[in-house]
2 protein chains.
Amino acid sequence: MIDGTVGEAADSIVVQLTEAVHEHRVLPGMKLSEDEVGEIYGAGRTVVRKALQTMAHSGLVTIERNRGAFVTKPSVKEAREVFEARALLEPQTARAAAERTTAAHAAALEAHIHEEHAALDAGEAGRALKLSGLFHVEIARIADQATIESFIRQLVSRSSLVIALYWRRRTALCESHAHHALLDAFRRNNPDQAEELMKGHLVDLVSQLDLREIPEETVSLREALGRC
Amino acid sequence: MIDGTVGEAADSIVVQLTEAVHEHRVLPGMKLSEDEVGEIYGAGRTVVRKALQTMAHSGLVTIERNRGAFVTKPSVKEAREVFEARALLEPQTARAAAERTTAAHAAALEAHIHEEHAALDAGEAGRALKLSGLFHVEIARIADQATIESFIRQLVSRSSLVIALYWRRRTALCESHAHHALLDAFRRNNPDQAEELMKGHLVDLVSQLDLREIPEETVSLREALGRC
DNA sequence: CGGCCCCAGATCGTATACAATCTTCGCCCA
DNA sequence: TGGGCGAAGATTGTATACGATCTGGGGCCG
């Protein structure tokens, strides 16, 4: 393994592959052959299988029996469901986080936002996107809700897939001010405002997607034509 | 395998083991040795490992490195988090379900409740508990929210563990009327009532748990003394 | 010339064998 | 007698080998 520590090879692969998906370096529909992944990370098929299974359970990867593993390509319905679930979980979680935010929390969030901006300025759109998603996970962590955090982590992951497929504009995410506004609400321990901001933020995100019912053929066609 | 179909051996084990946990036939803390499970279900270790990993991802099983798999023993904090997450997801989901409930849906729910009662009358408390949990999953299915349904399925599973550890009374669940009331709200397509009933139902459930902060030693002691 | 069938290559699913790690019991020593 | 050390047993982690299934191409038949 690249990572010297044995025994966590599978986790290492999960982390690296997940990051790659979040940064849109690997796109929905791409095939993840066990041999290929194993060769890339210098691991045996056993550990690769374990890693792919883990990612399948989080929804990032879809395993088709005797066909292989592919980066999940969410349907329009799944895309809607992901953001509907986020709409149920995140505003209330933001409220809880706002009640508990300390100065240390706020500082960490601010650093996070700063990193996000830096990535954007450096033209690393993928990295910025990944950080943008992690921001939402951090909020769940501040709320001290491990269970909900794991759900939000999954939903953010899938959102990344949705964005890869259905993002309307090619321009960078112009939503960083939304995160700033949230940070302000947290810093002032204002639960009502945090909840409302998060609700609006999620609505904004969905509104930038193109979730018209696309015939399944069109999507498949794109896959057929697209070179990986 | 008991199930003749090959290739789905792992799924079969997951289903059977999950059911056993839901029915409190296997209790939190119990060790699930790979060899033992494999022998019981007539499967190799490979497939057992896959099954246990799957259950670990849903939170029912905890895998400790080089120690083995155990039925998860949720802490008090985790127990609270499970029901807090349910409080975020389920009322709104019940509302959505109420808007979409058809006569067929209502009939299926009624049959489900009937089965629940039959199990209770037959003294099969475990089976009744399992069905009671499935009722909540059915609601998410009616709401046509696959993503949320999978979350609720996880939460219901973990709730079963929580109930096994923290249920206050030894008496059967006297909550069946709550499910009846929900069914009525669904049948009359009354979203407001459904949402309120679900909210109250979950509060009732939590109120029947004994979630005082128990010193970790006490729980460990029970494990040390209890014979599996 | 087009469509169907069959075979070869590739890929995944499972079992088995070996290595690493942990637990436990017994022994020795203070 | 109690505590610490060490080796044997048990259990899991990983790799490798074999079998099952699917995909794609070539040949045969209509």
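We name chains A, B, ... by the order of the sequence lines, and we start the count at 1 in each one.
- In this structure, A/H179 has its ring center at least 6.0 angstrom away from the ring center of A/H112.
- Distances from the side chain of A/T46 to the nucleotides D/dT16, C/dC22, C/dA15 place D/dT16 closest.
- When rounded to the nearest whole Å, the span between CD of A/E34 and P of C/dT14 equals 11 Å.
- Put simply, CZ on B/R45 is 14 Å from P on D/dA15, counting in whole angstrom units.
- Looking at A/T72 and A/R158, their side chains never bring a donor and an acceptor atom within 3.5 Å of each other.
- Closest non-hydrogen pair, A/V47 versus A/G44, comes out as CG1-O, 3.1 Å.
- Between the P atom of C/dC22 and the CD1 atom of B/I63 lies a distance of 16 Å, rounded to the nearest Å.
- The CD-C1' distance, from B/Q53 to D/dG13, rounds to 11 Å in whole Å.
- The separation between B/I13 atom CD1 and C/dG13 atom C1' is 14 Å, rounded to whole Å.
- Regarding B/N66, its CG atom lies at a distance of 6 Å from the C1' atom of C/dC22, rounded to whole Å.
- As a whole-Å value, the separation of A/K31 NZ from C/dC12 P is 5 Å.
- Heavy atoms of other residues, nucleotides or ligands lying less than 6.0 angstrom from NE2 of B/H117 number more than 12.
- Between B/E64 atom CD and C/dC22 atom P there is a gap of 12 Å when expressed in whole angstrom units.
- Relative to the side chain of A/R65, the nucleotides D/dA15, D/dT23, C/dT14 differ in distance, and C/dT14 lies closest.
- Closest to the side chain of B/R67, from the set D/dC22, C/dT21, C/dT23, is C/dT23.
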